[in-house]
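Heads up, the thing below is written out as structure tokens.
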Amino acid sequence: MKEFDGKTCRLIDADIHEKVTYADLLPYLGQPWKRYIADANWVQEKHMPYTQPAVAGVNRADAMLPDGRDAGSDLPFMREQLLDACGHDIGILTGALDPSPSSMHGWYEMAAALATAYNDWQIEHWLEKEERLYGSIHIAAQDPKTAVEEIERIGDHPKMLQVLLPIDDIAWGDPMYHPIYEAAEKHDLMIGMHHNEPPVQFGKWPRYFIEWHALIPISHMIQVTNMILNGVFEKYPKLKVMMIEGGFTYVPFLMKKLDQQYKDLRHEVPWVTKMPSETIKNHFCFTTQPLEEMTKREWNNLVEQMGTDDIIAFSTDYPHWDYDSPDQALPNGLSEEVRHKIMVENALRFYPKLKRRDM
């Protein structure tokens, strides 16, 4: 292993979505799970009642494959359109089945089988074929015992950086899931949380997609709050959480609100020993995408309210319709020092396994 020199790195992308099909996973599934898909045409339940109002649905139209395959399903195409074109040094894969195995409402054995198959497929077809790509471990978190077994199975893989959990109708701070965090911490894995389909901010689906999409940060706030107030970071002090695809502009409000609530009501959660804002600074990082259009002054005001810019990591969300370009997403006028921190240093500091890698 060779020390990774962050000074020469130009871009770490914390959110890239590879796309898998059931046909891709069949070689990695044992029986009876393979038979249910191949012979009985089983598919996961879908939740979202509307399509995204874009030309290619959830994806960029130019990211669709010329032969009609889904965006994100072909490594050579992604390599040309994203990794090479944008100058990626590192990209972190956060794709998942739709929805995630951890979001299946039943049949947890199938969920666990799908997660294991996904991990093996991801390693063979993406991580081993492109040195710039790193992965996320998929689990069926509804069954913490099998989830821990999966983390133990591949947690030491040098290119697996985090355990991926969907942000849906599960409150991940619940002590039921703490064995997952213990296993992650043991293997120098962080937690990546990415919003999923279930509408936790409403309890039921809103009338329009724009409503759901605009309020995604609320579902992220729910998870940050739940993790902190259930004492996860007192129990697992090395654990950190990357909040993916919710932006970061809500963070100053959440810090202020949680600190005030903690001052008023901390007797209810005596296991929480630090101000929530400090826990956010020390244990969370937030991807930029989808970044609202803003001026340098507005950016600086947000950073001043947070008290740090160490917890912001750049992401493109490729190949989705609201992709953020590395050249255009950040406000004009930011110093090269600040840009490098957002584009490289913060993610490099966040993920222990990125500090050393094969070169």
Residues forming a salt bridge (charged side-chain N to carboxylate O under 4.0 Å, His left out) with [X], sequence neighbours excluded:
X: R339; answer: none
X: D156; answer: none
X: D174; answer: none
X: D188; answer: none

Pairing residues for [X] by the side-chain hydrogen bond (donor to acceptor under 3.5 Å, both in side chains) criterion, not counting sequence neighbours:
X: N346; value: R349
X: Y22; value: Q44
X: Y351; value: Q162
X: D67; value: R69

Subject >> Sequence neighbours excluded - ring pair (Phe, Tyr, Trp, His ring centres under 6.0 Å) pairs with any residue from residues 280-307 >> reply: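 Passing the test, one end in residues 280-307: F233-H283, F233-F284, F248-W299, Y250-F286.
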Original post:
Could you give all pairs that pass the ring pair (Phe, Tyr, Trp, His ring centres under 6.0 Å) test and reach residues 136-164, with sequence neighbours left out?
Top reply: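 Output for this query lists Y118-H138.
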**OP:** Under 4.5 Å between side-chain heavy atoms, chaining through other members, with only Ile, Leu, Val, Met, Phe, Trp and Tyr counted: pull out the rest of the cluster around Y108, sorted by chain and number.
**Re:**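 Hydrophobic cluster check, Y108: no partners found.
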Original post:
In the hydrophobic clustering (ILVMFWY, side-chain contacts below 4.5 Å, transitive), which residues join I210, or is it alone?
Top reply: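 Besides I210, the cluster holds Y208.
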Original post:
Are H125 and D24 linked by a side-chain donor-acceptor pair shorter than 3.5 Å?
Top reply: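 No pair is found: no donor N or O on one side chain lies under 3.5 Å from an acceptor on the other.
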